[in-house]
Amino acid sequence: MTEVPDYSIVVPVYDEQEALPELYERLRWLLEHLDGDAEVILVDDGSRDDSYALMLDLNRRDARFKLLQLSRNFGHQVAITAGLDVAAGRAVIVMDADLQDPPETVLAMAERWREGFDVVYGVRRERRGETRFKRATAAVFYRLLQRLADVEIPADAGDFRLLDRKALDAYLAMREHDRYVRGMVSWVGFNQIGVAYSRDERRAGSTKYPFRKMIKFAADGIVSFSNAPLRLALGLGFIVSASSFVYGFVAILLKATGAFTVPGWTSVILVTSFLGGVQLIVLGVIGEYVGRTYIETKRRPLYIVNREAGLADRLTSPDRIVGWPPIHRTEAEADAEAPSD
Ligand code: UDP
Ligand code: MG
């Protein structure tokens, strides 16, 4: 690497072909207005539409737009991490491809960074164009997380943020699979500050976070990955406990009306079914942690790189596993490195 840009803007992209043309225009605007040179790192998180072809075209039109393609969909949080791994800037900015995070706000973030802050996170003042359900669940979740988490995670802050190189390197040292990026960034400390912004409507395309992913994301945030069979016990526990309540209610009703009476039957049924449910819930929760521990013990790479444009020189970092097999090395280079005697 010869020149280091002041800013790297990391954008995770998953099936965003409709949003990309406008994103390009708005980012070009941003690059004009930032007080330093900047690069954009587009991370294609296994898109199934024409996003990759479109982004490759952007890279040809403007070399400041660099491109990393993952081998499949690894998820939003991992895609962000992949982009941060290759970012070279003295400060990096993470923002969504759908322009819900207004590029204009980045200027305000850059200002705070110049003042000496190491992490500048966006705080959503209002959320336009999001369903009432999403807003309500998000509000409940962030408050719950604040109560449960060991670190102070600011409420109503997403992944839209600026990180100084110092904070970024600290973040990148954490290679866990369970990546709740905003929580991890809070954990690294340093001088953090919020910048308020109003979250715009998604410009084009549809959300890549259906209800199911939101639940998973919430679990990652609180427990700190998925293990479906273990989770089955959890769901089962809830169903059994809920039906034990119904069953108990019916048993009491039958007793009260005198329709069916065997001495002790009501209480026995009630207690056994309730305890059975509780035990399954607890087992499920333990399973959740064991499952996560299991995933971490495998020590797999966080993601696998398929192709890149403009980033070949950065995929050689020996301390991070980016891309397997190492696509950037030619066979001759690999042979040269192999022990020769
Ligand atoms: N995204 C991604 N991988 C995924 C899901 C989403 O890279 O598996 C990207 C997506 O393209 C967007 C950002 O993450 O740039 C946020 O996703 P989205 O806007 O769908 O989430 P929402 O704003 O609805 O919560
Ligand atoms: Mg969005």
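As the structure lists them, so they are numbered: ligands from 1, and atoms in each ligand from 1.
Contact atoms of ligand 1 toward E16: 10 (C), 11 (O), 12 (C), 15 (O) (distance under 4.0 Å to a heavy atom of the residue). With ligand atoms numbered from 1 in the order given, ligand 1 contributes 19 (O), 22 (P), 23 (O) to contacts under 4.0 Å with heavy atoms of Q100. Counting the atoms of ligand 1 from 1 in the order shown, those under 4.0 Å from a heavy atom of D98 are 19 (O), 23 (O). Atoms of ligand 1 found under 4.0 Å from any heavy atom of N73, numbered from 1 in the order shown, are 3 (N), 4 (C), 8 (O).
Residue contacts with ligand 1, taken as heavy atom pairs separated by less than 4.0 Å, do not involve V43 at all. Only the backbone of V13 comes within 4.0 Å of ligand 1, judged by heavy-atom distances. Residue-level proximity to ligand 1 for H76 is carried by backbone and side chain together, each with a heavy atom below 4.0 angstrom.
Counting heavy atoms only, Y14 comes closest to atom 2 (C) of ligand 1 of the residues F160, Y14, F74.
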Side chain to side chain contact (heavy atoms under 4.5 Å, CB included) evaluation trace for V188 with M174: CA-CA 10 Å; V188 302; M174 295 186 260; 3.3 Å; yes
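Restricting D98 to its N, O or S atoms, the one at the least distance from the Mg ion (ligand 2) is OD2.
Looking at ligand 1, you'll find an N or O of A97 within less than 3.5 Å of one of its N or O atoms.
Judged purely by atom type and a 3.5 angstrom limit, S71 has no side-chain atom pairing as donor or acceptor with the backbone of N306.
Relative to the ring axis of F65, R61 does not place its NZ or CZ within 45° and under 6.0 Å from the centre. A cation-pi arrangement, defined by a distance under 6.0 Å to the six-membered ring centre and an angle within 45 degrees of its axis, is present between R307 and Y52.
Summarising the geometry of P103 relative to M95, their closest heavy-atom pair is CG-CE, 4.0 Å, with the distance given to 0.1 Å.
Taking the centre of each ring, Y121 and F160 stay at or above the 6.0 Å mark.
Side-chain contact between Y7 and W113 is present, with heavy atoms from C-beta onward closer than 4.5 Å.
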